[in-house]
Amino acid sequence: MRDISILIADDEEEIADLIAIHLEKEGYHVIKASDGQEAVRIVETQSIDLLVLDIMMPKMDGYEVTRRIREQHNMPIIFLSAKTSDFDKVQGLVIGADDYMTKPFTPIELVARVNAQLRRFMKLNQPKADIKTSLEYGGLVITPDQRTVTLYGKTIDLTPKEFDILYLLASHPKKVFNVENIFQQVWGEAYFEGGNTVMVHIRTLRKKLEEDKRKDKWIKTVWGLGYTFNG
């Protein structure tokens, strides 16, 4: 079995080297890129299992890198950026990132997130003996085997985590999941205090689904408890 390859795309050499040291200790094969164009070229020419991607890079920023990669590839992408606003985090997740960490960061947490993303990705891409049937709710069709979603016949482009959240909720209509439940089942790791990752994904997922402008049509907030699928 080949080594798991991780691409670190960051124009700050010291940061890239620090990340590489900790990931190599975990047994990963690490490749580095110093600008966005180089990152895209490496993904197109080599087998990359996960990408740690800075946003502010020369030649092509991380947002554009993600857009191009997502046209053909679905490996996990973790944004690592000095941008700390909610807008930047939401933009990154909407474009297709699976996680978002802000600088400064602790290498131990980054390694933990890398491990969690890879576990989730490898599990989802294992051959399955059983074929899951599609879920259909009044114009919304969720097909787990193809990982596709259509709304009134129109394909809705979701990131991997958005799809996982929607499928989890839709598989248990009317059941209330709190933020911790969703994080543990979708990300496959223990919930960390104060994280708003789930809420950001729910927010962007709603924007993509609520084409008829009805508030909470599909995903309903149960105040003080969590979220439920309103199918």
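It should be emphasised that the depicted structure is a prediction, and the values quoted were computed from it without experimental measurement. Numbers here are sequence positions counted from 1.
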* To do: Supply the atom-to-atom distance Met57 CE to Gln37 CD, rounded to the nearest 0.5 angstrom.
  => 10.5 Å
* Specify the closest pair of heavy atoms between Ser134 and Pro144, including all atoms of both residues, with the distance to one decimal. => CA-CD, 4.1 Å
* To do: List the steps, then state whether side chain to side chain contact (heavy atoms under 4.5 Å, CB included) holds for Lys208 with Val149.
  => CA-CA 11 Å; Lys208 294 181 180 182; Val149 175; over 6 Å; no
* To do: Provide the closest heavy-atom pair for Ile142 versus Tyr167 in the form atom of the first, atom of the second, distance.
  => CG2-CD1, 3.9 Å
* Quick one: do Tyr152 and Ile219 end up in the same hydrophobic cluster if we chain Ile, Leu, Val, Met, Phe, Trp and Tyr together by side-chain heavy atoms under 4.5 Å apart? -> yes
* Please tell me if the side chains of Ile182 and Ile165 come closer than 4.5 Å, counting only heavy atoms from C-beta onward. => yes
* Structure fact -> When every non-hydrogen atom of Ala20 is compared with those of Ile8, the smallest separation belongs to N-CD1, 3.6 Å
* Asked: So do Met122 and Asp49 actually touch side chain to side chain, heavy atoms under 4.5 Å?
  -> yes
* Quick one: does Asp61's side chain have a donor or acceptor within less than 3.5 Å of a partner on Ile55's backbone? -> no
* **Side chain proximity check, Asn74 to Phe121, heavy atoms < 4.5 angstrom** => yes
* **salt bridge (Lys or Arg N to Asp or Glu O under 4.0 Å) pairs, two or more places apart, involving residues 64-78** => Glu64-Arg67, Glu64-Arg68, Arg70-Asp98
* To do: Would you kindly confirm whether Ile95 and Leu7 end up in one hydrophobic cluster when ILVMFWY residues are joined by side chain heavy atoms under 4.5 Å apart?
  => yes
* Structure fact -> Shortest non-hydrogen pair, Val65 vs Met60, comes out as CG2-SD, 3.7 Å
* Describe, in one word, how the ring planes of Tyr100 and Phe79 are oriented to each other, choosing from parallel (under 30°), tilted (30 to 60°) and perpendicular (over 60°). => perpendicular
* To do: Give, for atom CD1 of Ile31 and atom CD of Gln46, the distance between the pair rounded to the nearest 0.5 Å.
  => 4.0 Å
* Main-chain N/O of Thr159 paired with Glu162 side-chain donor or acceptor, under 3.5 Å -> yes
* **Nearest heavy atoms of Gly226 and Val176, plus distance in Å** => N-CG1, 4.0 Å
* Asked: So which pairs with a foot in residues 11-21 pass salt bridge (Lys or Arg N to Asp or Glu O under 4.0 Å), sequence neighbours left out?
  -> Glu12-Lys103, Asp17-Lys32
* Between NE2 on residue His201 and CZ on residue Phe183, distance to nearest 0.5 Å -> 9.5 Å
* Rounded distance (nearest 0.5 Å) linking atom CZ of Arg147 with atom CG of Leu158 -> 9.5 Å
* **Side chain to side chain, Phe229 and Leu140, heavy atoms closer than 4.5 Å** => yes
* Might you work through the side chain to side chain donor-acceptor pair (under 3.5 Å) test for Asn181 and Tyr227, ending with a clear yes or no? => CA-CA 10 Å; Asn181 294 152; Tyr227 302 96; over 6 Å; no
* **Connected via hydrophobic side-chain network under 4.5 Å: Val52 and Val30** => yes
* To do: Answer whether the closest heavy-atom distance between the side chains of Glu26 and Asn115 falls below 4.5 Å.
  => yes
* Asked: Ile69 versus Ile48: any side-chain heavy-atom pair under 4.5 Å?
  -> no
* Can you list the steps and then say if Asn230 with Lys174 is a side chain to side chain contact (heavy atoms under 4.5 Å, CB included)? -> CA-CA 6 Å; Asn230 199 30; Lys174 308 303 181 184; 3.4 Å; yes
* To do: Give the C-alpha distance, both sets of side-chain angles, the deciding distance and a yes or no for side chain to side chain contact (heavy atoms under 4.5 Å, CB included) between Arg120 and Lys161.
  => CA-CA 10 Å; Arg120 182 70 180 172; Lys161 287 296 185 292; 4.1 Å; yes
* Look only at the side chain of Thr102 and the backbone of Ala82, and say whether a donor-acceptor pair between them is shorter than 3.5 Å. => no
* Which atoms form the tightest heavy-atom contact between Ala97 and Thr66, and what is the distance? -> N-CG2, 4.2 Å
* To do: Find the distance between CG (Asp54) and CG (Asp35) and round it off to the nearest 0.5 Å.
  => 11.5 Å
* **Nearest-0.5 Å distance that lies between atom CG in Asp10 and atom OG in Ser81** => 9.0 Å
* **Note, Thr148 side chain near Thr155 side chain (heavy atom, < 4.5 Å)** => no
* To do: Test Phe105 against Ile19 for side chain to side chain contact (heavy atoms under 4.5 Å, CB included), laying out the working first.
  => CA-CA 10 Å; Phe105 64 95; Ile19 297 171; 3.8 Å; yes
* Does any N or O in the side chain of Tyr137 come within less than 3.5 Å of the main-chain N or O of Ala170, such that one atom is a donor and the other an acceptor? -> yes
* Asked: Are Leu135 and Phe163 grouped together when hydrophobic residues (ILVMFWY) are joined by side-chain heavy atoms under 4.5 angstrom apart?
  -> yes
* If we only count heavy atoms from C-beta on, is the Thr143 to Val141 side-chain gap below 4.5 Å? -> yes
* Among the clusters formed by ILVMFWY side chains lying less than 4.5 Å apart, do Tyr63 and Val200 turn up in the same one? -> no
